[in-house]
Protein chains: 2
Amino acid sequence: MQNHDTRHEDLSMDAWVRLQRASTAVLERVEARLKAAGFPPLGWYDVLLELRRAEDRSLRPVEIERHTLLAQYNVSRLIDRIAAAGYADKKKSPEDGRGIKVCLTRKGETLLEEMWPVYREAVQREFAEHMSDSDMKTISSILKKLVSQSVK
Amino acid sequence: MQNHDTRHEDLSMDAWVRLQRASTAVLERVEARLKAAGFPPLGWYDVLLELRRAEDRSLRPVEIERHTLLAQYNVSRLIDRIAAAGYADKKKSPEDGRGIKVCLTRKGETLLEEMWPVYREAVQREFAEHMSDSDMKTISSILKKLVSQSVK
DNA sequence: TGAAAATATATGCAAGTGCATTTAAAAATC
DNA sequence: GATTTTTAAATGCACTTGCATATATTTTCA
């Protein structure tokens, strides 16, 4: 019925707008802290972290694409930038002639180690500090429902 | 204490990463629906909506800047694009020689009306449908704490 | 008042992103 | 096993964004 639908819709749009505003605002502040400390953007960290977590500290671009939310062409170019900066190497894939392997370098590992405390503190100050542990558990479990739907 | 801190940190990072992933993923899907329907990006809608809400359906760029999370130079250029497409007019501000007034046009109002059902359905399908009304109330109230801190 | 500081907007340039397409190799199909 | 289809990665081009700065105007205040 009209009234009920309207209330539900208001609720949805309100939550939606807040989600977008909050995540954008907090991301900007976290990125600003990283930049202020002289570090590259968070996207670099994400990629390097995935590399470190991987089997032999290397991944194919197509795998990075799946781990992150990046488009194929963005992965391709982000990798170029990261490699140009010396944090990873691009090697030919031994098992697939089309592919390459992106390998974490020692310099990349060092960057991860150096960025971590700054990143951790940024998230703490700009995000975690503003809510309780139980709030964080709550939003984690609610937001999980949104991300899981995206698995291709 | 070590153990306690570590658990708290895991909780923070987990919630943080989920917030970023979820909001990015859902935003992309909503934007994709708008684009598929032949509409401009959500940012245009946001600006036009602010104009419609305003006193005489017009705002100064500096006010748009405050209502959205856009940087000054981005507002300036976004307005140019919106005006070039005929959805708003740029007029000299009568009371401030430095400023301009951005006025919603009839065409802009029409765009808002046409985009709304598509936008509403996109948010419904990509976001609201995946959670309960009480989930939405919960995340709204938790995320409010993050945005409010940003008021300059 | 008149110089200095602050505010509003615009813009050149470099860097990042989206889209469409290209190239090359692997997999599937017949 | 040759041909078609699919997959991996790169790239040219147009558009968007970020940064620094320019320009004009208003505000402040000595």
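Chain letters run A, B, ... following the sequence lines, proteins first and then strands; every chain starts at 1. Everything numeric in this text was worked out from a predicted model, so none of it was measured.
The side-chain contact (heavy atoms from CB on, under 4.5 Å) test with Pro40(A) singles out one residue from Ile82(A), Leu34(A), Leu111(A), and that residue is Leu111(A).
Comparing Leu78(B) and Gly97(B) by the nucleotide of DNA chain D that holds the closest heavy atom to each, the one mapping nearer the 5' end is Leu78(B).
In summary, Lys101(A) and Asp89(A) do not engage in a salt bridge, as defined by a charged side-chain N under 4.0 Å from a carboxylate O. Note on Arg53(B) versus Glu50(B): salt bridge recorded, some NZ/NE/NH1/NH2 to OD/OE distance being below 4.0 Å. Salt bridge Arg66(B)/Glu63(B): absent, no basic N to carboxylate O contact under 4.0 Å. A salt bridge links Glu109(A) with Arg57(A): at least one charged nitrogen is closer than 4.0 Å to a carboxylate oxygen. Using a 4.0 Å cut-off between charged side-chain N and carboxylate O, Asp14(A) and Arg18(A) make a salt bridge.
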At under 4.0 Å between heavy atoms, which parts of nucleotides 6-13 of chain C does protein reach? Answer with one letter per nucleotide, 5' to 3': B base, S sugar-phosphate only, - none. -BSBBBBB
Evaluation steps, salt bridge (Lys or Arg N to Asp or Glu O under 4.0 Å), between Lys35(A) and Glu31(A): CA-CA 6 Å; Lys35(A) 169 176 285 195; Glu31(A) 291 269 24; over 6 Å; no
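Across every non-hydrogen atom of Phe39(A) and Glu114(A), the tightest pair is CZ-O, 3.5 Å. Nearest heavy atoms, Leu143(B) versus Leu19(A): CD1-CA, 3.6 Å.
Close approach of DNA chain D to chain A, defined as any atom under 4.0 Å from a non-hydrogen atom of the protein, starts and stops at dT7(D) to dC19(D).
Among the atoms of the strands shown, none is found under 4.0 Å from any heavy atom of Lys92(B).
Against DNA chain C, the stretch residues 38-48 of chain A makes no heavy-atom approach under 4.0 Å.
If you take CG of Leu69(A) and C1' of dT17(C), they are 15 Å apart, rounded to a whole angstrom.
Listed pair Asn74(A) / dG16(C) fails the phosphate criterion, with no side-chain N or O lying under 4.0 Å from OP1 or OP2.
Put simply, the side chain of Lys144(B) never gets that close to the backbone of Ala22(A): no donor and acceptor are under 3.5 Å apart.
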